[in-house]
Number of protein chains: 2
Amino acid sequence: MSPSPVRLRDVALAAGTSTKTASRVINGDARVATDTRHRVQEAVDQLGYQVDLMARSLRKGVDDTVGIVVPTIGDPFFAKAIEEIEQMALPRGINLLVASNSRDPKCERKVVDGLLARRVSGLIVTPFSTDYSFLERVVTPVVFLDRHPKGMDVGAVIVDDEGGAYRIVMHLASFGHRRIALLTDDLTIETSRLRREGYVRAMFELDLPIEQELQATWCVDAAQAETCTNDMLDLDHPPTAIFSARSETSLGVVRALHLRRRTDIAFASFGDFATADVLSPAITVIDHDPRTLARRAMEMLSERLDGAPASPVDTIVAVELIARGSGELPALRAVS
Amino acid sequence: MSPSPVRLRDVALAAGTSTKTASRVINGDARVATDTRHRVQEAVDQLGYQVDLMARSLRKGVDDTVGIVVPTIGDPFFAKAIEEIEQMALPRGINLLVASNSRDPKCERKVVDGLLARRVSGLIVTPFSTDYSFLERVVTPVVFLDRHPKGMDVGAVIVDDEGGAYRIVMHLASFGHRRIALLTDDLTIETSRLRREGYVRAMFELDLPIEQELQATWCVDAAQAETCTNDMLDLDHPPTAIFSARSETSLGVVRALHLRRRTDIAFASFGDFATADVLSPAITVIDHDPRTLARRAMEMLSERLDGAPASPVDTIVAVELIARGSGELPALRAVS
DNA sequence: AATGTCAAGGTAATCGTTGTCACGCGCATT
DNA sequence: AATGCGCGTGACAACGATTACCTTGACATT
């Protein structure tokens with residue numbers, strides 16, 4: 001048996017109408033006599049008819065789905081974003097196709113093409129490193145999340161990465177820190193680059209030097225961040241404060257600090273994470289809610305689906321600094 | 001412009017063949033002359049042809065997608081599971097439709113029906129509370145993840161919930177604890193019920209009473225778990241050890257213990273979580289990897305897609321107890 | 001030389017739904 | 001009484017690919 005052996009023509013037959021009229025009833029077309037509508041409705045219920053969405057989509061030219069492409073589905077930040085988008089899409093009868101670009105340009109292009117070939121009605125993408133200029137020939141609306149795409153000059157829904165990082169560094173400095181270390185992911189990622197720029201701007205304004213030995217800009221995961229933190233703590237002039245530009249790397253830093261019992265070192269994280277508030281000291285963070293980001297993106301996509309043109313303007317989601325203790329530790333031994 | 005204005009017939013025209021032959025080339029049919037194949041291939045590249053997956057799916061009767069339904073997409077456990085499944089599906093050219101049942105039976109049924117109507121080739125479901133007997137009339141293969149469905153007697157891919165809980169309680173007891181509290185999610189959820197059964201069996205074997213005041217069996221989220229923990233600590237005879245049956249609730253327990261500075265209380269969690277190993281004391285957990293679970297489920301689904309019949313036997317994934325400190329705290333004042 | 005076989009390719013039907021257009025039938029309008 | 005207007009309805013084509021079935025010609029077999 002096929003998934004649903006009941007076709008529209010079976011319903012029409014049972015109701016004694018044409019398939020077209022049955023179709024009208026199903027799609028809520030007003031131009032159907034109440035009596036007819038009733039008969040069709042009954043037949044639908046009786047037979048347990050369900051629209052074949054493939055056929056519908058073929059006919060209509062678009063599928064009632066939106067695709068979302070993120071670097072890593074398992075990352076709590078993106079997982080929450082996906083959840084939010086699904087929650088918004090569901091009531092509209094829109095399904096969600098989820099795909100990851102696996103932090104690999106080849107894969108990224110393939111994934112996006114695959115989604116396009118599926119005739120998704122829209123796409124939400126966190127671009128990695130693919131040149132997205134090919135999208136200009138495509139009519140499917142695409143909204144970019146968290147980062148700008150390469151090769152395309154369109155707005156995106158992003159958080160205030162540069163500003164948040166700036167604030168965090170200024171915050172640390174206000175407690176007397178001068179040797180402030182930076183840990184980020186790969187700088188080819190826009191998010192990382194911007195956060196570093198915020199760090200640089202703050203350091204510059206503070207008249208502090210950017211020391212190479214206090215920069216770890218390739219920390220893809222927690223393990224690498226842990227190693228880098230350890231290396232820095234072993235320096236002759238170790239940092240008195242650390243700024244980690246991602247939740248994921250923060251886990252590594254926290255691990256290193258705790259295992260070495262160096263919780264006297266000030267620490268702040270761009271991105272909140274579970275238990276950040278129960279550690280001792282609790283971790284000071286810049287909070288940027290993935291849900292807000294996702295909501296904005298989905299709202300924007302909805303507008304695009306309704307015909308609005310792509311906006312070249314960014315939607316910037318504000319961030320909040322949550323002081324919990326770790327970022328307010330003073331620089332006891334102001335070194336050099 | 002339509003998503004891809006290039007159709008198969010355009011390719012055929014350009015290659016000077018019929019659409020059928022072009023189709024053969026695209027689908028890797030061997031019965032095409034090398035020369036012809038070449039011409040078609042070239043036309044495909046030149047025109048940038050992409051198969052319209054909707055049309056293909058309509059004709060074939062199934063779509064190259066699998067659907068996954070989980071209670072909460074944002075839950076790190078399920079997020080990781082989704083990630084694993086996506087990673088396995090991608091190389092096969094299968095896309096992933098993700099949906100959540102929002103812990104609501106009505107929604108659950110609707111969501112599953114929607115996915116079925118989309119003609120997914122298979123479904124992976126973490127059932128919540130819907131009666132799934134209706135699936136018996138459906139041919140789409142369904143694999144159940146983490147729990148058994150109601151109203152259906154089929155195997156599922158699950159972890160050893162009962163055994164893991166049993167081990168955890170025995171472990172706590174071996175350090176002298178007699179008043180061991182239990183925190184779980186809603187008991188209508190099979191996972192929670194089984195973990196509680198493990199607790200009960202252990203307590204029974206230990207000849208310890210099941211005290212109502214030490215049972216909090218409705219902790220849906222961390223906040224509730226925190227409240228329940230606080231309530232228990234305020235008892236005349238508070239527990240000396242706590243067993244939290246879910247990562248999510250564990251976060252609440254940890255929060256309560258830390259905020260009250262009662263880290264002398266022994267604690268173990270069913271389910272690992274980020275930073276569990278850097279807290280002081282580090283948290284003893286039963287680790288059950290969502291990826292393993294997901295992998296098994298996807299393997300099983302693949303077999304089903306290849307025609308294997310549904311197995312009535314469960315696939316049980318073993319769990320591991322990771323002693324980190326919090327579960328090995330002794331019961332100092334052995335009460336009553 | 002006649003026949004059979006097989007590779008290579010084509011034709012038309014089909015998947016299930018929806019958009020286009022046309023039709024009949026009352027009812028109000030002139 | 002003739003015209004016009006909507007309403008409710010249905011016949012039919014189309015969406016773009018695949019599949020069942022057929023044709024053709026080259027070559028091998030007897």
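Order of the sequence lines sets the chain letters (A, B, ...), proteins ahead of strands, with each chain counted from 1.
Per the geometry, CZ belonging to B/R9 stands 14 Å off C1' belonging to D/dT18, to the nearest Å. Between the CG atom of A/L8 and the P atom of D/dT9 there is a distance of 15 Å, rounded to whole Å. Atom C1' of nucleotide C/dT17 and atom CE of A/M54 are separated by 12 Å, given to the nearest angstrom. Spacing between atom CZ of A/R56 and atom P of D/dA14 amounts to 22 Å, rounded to whole angstrom units. The distance from atom CD1 of A/I26 to atom C1' of C/dT17 is 9 Å, rounded to the nearest whole Å. For the pair A/L47 CG and C/dG16 P, the computed distance is 15 Å after rounding to whole Å. Separating the CG atom of B/L13 from the P atom of C/dG9 is a distance of 17 Å, rounded to the nearest angstrom. The interatomic distance linking A/D29 (CG) with C/dT20 (C1') rounds to 14 Å, in whole Å.
Look at A/R7 and you'll find a side-chain N or O under 4.0 angstrom from OP1 or OP2 of C/dG16. Considering only side-chain N and O atoms, B/Y49 lies under 4.0 angstrom from the phosphate OP1 or OP2 of D/dA17. OP1 or OP2 of D/dT18 has at least one side-chain nitrogen or oxygen of B/S23 nearer than 4.0 Å. Neither OP1 nor OP2 of C/dG9 sits under 4.0 Å from any side-chain N or O of B/T17.
Checking B/T72 against B/D75 by side-chain atom types alone, no donor-acceptor pair falls below 3.5 Å. Side chains of B/D186 and B/T188: a donor-acceptor N/O pair is present below 3.5 angstrom, by distance only. Side-chain atoms of A/S57 and A/D63 include a donor-acceptor pair closer than 3.5 Å. With 3.5 Å as the limit, one finds no donor-acceptor pair spanning the side chains of B/D153 and B/H148. With 3.5 Å as the limit, one finds a donor-acceptor pair spanning the side chains of A/T191 and A/R147.
Comparing atom distances between the B/K20 side chain and each of D/dG10, C/dT11, D/dA17 picks out C/dT11 as nearest. Proximity note for B/S18 (side chain, C-beta onward) versus C/dT11, D/dG10, C/dT17: the nearest is C/dT11. Relative to the side chain of A/T19, the nucleotides C/dG16, D/dG16, C/dT18 differ in distance, and C/dT18 lies closest. Candidate nucleotides D/dT9, C/dG16, C/dG19 were compared by shortest atom distance to the side chain of A/K60, and C/dG19 ranks first. Considering only the side chain of B/D52, D/dA17 comes nearest among D/dA17, C/dA7, D/dG8. Distance from the side chain of A/R59 is smallest for D/dA13 among the nucleotides D/dT18, D/dT19, D/dA13. Of the candidates C/dG19, D/dA17, C/dG9, the closest approach to any side-chain atom of B/A33 belongs to C/dG9. The listed nucleotides are C/dA8, C/dT17, D/dA17; the one nearest the side chain of B/T36 is C/dA8.
The heavy-atom pair separating B/S133 from B/G151 by the smallest distance is CB-O, 3.3 Å.
Residue-level contact check: A/S57 touches neither bases nor backbone, having no heavy atom under 4.0 Å from any strand.
Contact of B/R24 with C/dG10 (side chain to base): a donor-acceptor pair of N or O atoms is detected under 3.5 Å.
Comparing B/T34 and A/N27 along DNA chain C, the residue whose closest nucleotide (by nearest heavy atom) sits nearer the 5' end is B/T34.
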